[in-house]
Amino acid sequence: MEFREYLTQKHVLKKGEKRLKEISVRQYINRLENMRGDGIYNEEKRIDLILEQKIQERYQDWKTYVKTIEHYLSSKYY
């Protein structure tokens, strides 16, 4: 499933997930694009310690960026 579609439908796909507003969907997509552009995320299949460390070193709000990758990886299974 495309990442944007997953983000807009994840509240239906996963029990307990909140519905995201369009601005939040755009923010997730922008974060993913920024991590790709900065060479931090290169389509890894999972989040390992090295990837998490790169994110922590680059972004102050690093947990949000990890969550972005988690959502992206989940979108691959739908």
Residues 63-71 side chain polar contacts: donor-acceptor under 3.5 Å, at least two apart:
residue : atom : partner : partner atom : Å
T64     : OG1  : D61     : OD1          : 3.0
T64     : OG1  : D61     : OD2          : 2.6
T68     : OG1  : T64     : O            : 2.9

Solution key, residues 15-31 side-chain donor-acceptor pairs under 3.5 Å, sequence neighbours excluded:
residue : atom : partner : partner atom : Å
E17     : OE1  : K10     : NZ           : 2.4
E22     : OE2  : R4      : NH1          : 2.7
N30     : ND2  : R26     : O            : 3.3

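The cationic atom of R36 (NZ for Lys, CZ for Arg) lies less than 6.0 Å from the six-membered ring centre of Y72 and within 45° of the ring axis.
The shortest side-chain heavy-atom distance between Y41 and K54 does not fall under the 4.5 Å cut-off. Counting heavy atoms from C-beta outward, Y59 and M35 have side chains that approach closer than 4.5 Å.
The environment of E43 atom CD is dense: over 12 non-hydrogen atoms of other residues, nucleotides or ligands sit within 6.0 angstrom.
The line from CD1 of I40 to CG of L32 is 11.5 Å long, rounded to the nearest 0.5 Å. Here the CG atom belonging to L51 is positioned 10.0 Å from the CD atom belonging to Q56, to the nearest 0.5 angstrom.
Contact between S74 and K14 at its shortest, heavy atoms only, is OG-NZ, 3.4 Å.
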